[in-house]
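The structure under discussion appears below in the form of structure tokens.
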Number of protein chains: 2
Amino acid sequence: MLGQDGVDGCCPGLLTAPLDEAQSVELAKVFKALGDPIRLRLLSMIASRAGGEVCVCDLTPAFDLSQPTISHHLKLLRQAGLIDCERRGTWVYYWLLPEMTDRLAGILTRPAGQPLPEPAGTAGDA
Amino acid sequence: MLGQDGVDGCCPGLLTAPLDEAQSVELAKVFKALGDPIRLRLLSMIASRAGGEVCVCDLTPAFDLSQPTISHHLKLLRQAGLIDCERRGTWVYYWLLPEMTDRLAGILTRPAGQPLPEPAGTAGDA
DNA sequence: AGGTTGTATCGATGTTCTTCGATTCAAGAT
DNA sequence: ATCTTGAATCGAAGAACATCGATACAACCT
């Protein structure tokens, strides 16, 4: 889901052509995963790790939330394709899947050849 | 809110350093606005318009939703700073605020000097 | 085997979100 | 002034979400 041809297809996405329904549904899932402050902080903590991965045991105590809640948020980020994880002994480590953030960045980037005329405020039709 | 110094501050955001609480709350509002298929389609329809603006009367009939619902979604996109609008006679026109999408794209883009070592699967600690 | 620690899953609860019909507001036309 | 059309606002109803405590699962230690 997403990645096959929908979201990044050839590249344009979002700002250059109208999204069709299927594309918008898939894309919305990813943005919805980013639409929560806790998940955004989790993602940034995971992504900014030099080693490339973080133990859950380092993430959980950084929040005033229960352990199951953090686990739930991590699951949503994983289902969105933004991160992945692996158990290593007693601990579970998470890391960023940069393909997805790259894809989102591309989707939000205009082709540079689309200046967006005037903000209409100064344009008017008079 | 957002844009002053929080989200783009100097530039890094999200993938290079942990977000603080205030930043994550502001950013989450914008991503949450993008986390709905209808709003994503509305935004793409608005952004991809050559003229730079779209009349609401062109947006509403493109969906199987009531007029108040579309109006509501447009309001959320506007409150997120993604679009703006202006009434011109009987009609209201919406256009993209590229500053916000540019900002998001920047936030999701890694500085290129962050290769993300190995996916831990091949690393192991043994 | 039994105990301990770290993490995920399960139900339940309160909140937020999406959507609607009804209404109100804005502006032009008769 | 009244009517008509386009768009926003106002409740209300149902669905989806965030959060918790309790519990189950996984792996290590003694």
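Below, read A as the first sequence line, B as the second, and so on, with proteins coming before strands; counting in each chain starts at 1.
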Touch class at under 4.0 angstrom, heavy-atom based, for A:Leu76 against every strand present: sugar-phosphate
B:Pro37 vs A:Glu21 side-chain heavy atoms within contact, under 4.5 Å: no
Rounded distance (Å) that lies between atom P of C:dC20 and atom CZ of B:Phe63: 12 Å
Any side-chain heavy-atom pair of B:Thr69 and B:His73 under 4.5 Å: yes
B:Lys32 side-chain N/O to C:dT16 phosphate OP1/OP2 under 4.0 Å: no
Sugar-phosphate or base contact per nucleotide [nucleotides 3-9 of chain C; S, B, -; heavy atom under 4.0 Å]: ---BBBB
Side-chain donor/acceptor of A:Arg87 to backbone N/O of A:Val92, under 3.5 Å: no
Check ion pair A:Arg110-B:Asp102 (N to O, under 4.0 angstrom): yes
Atom pair distance, as rounded to whole Å: CG in B:Leu42 and P in C:dT18: 12 Å
Whole angstrom value for the distance that separates P of C:dC17 from CG of B:Leu34: 15 Å
Short side-chain N/O contact to D:dT19 OP1/OP2 from A:His73, under 4.0 Å: yes
Close side-chain approach of A:Val30 to A:Met100, heavy-atom, < 4.5 Å: yes
Interatomic distance where CG belongs to B:Leu65 and C1' belongs to D:dA15 [whole Å]: 15 Å
Distance test, side-chain N/O of A:Arg39 to OP1/OP2 of D:dA18, below 4.0 Å: yes
Test item: B:Thr60 side-chain N/O and B:Gln67 main-chain N/O as donor-acceptor pair under 3.5 Å: no
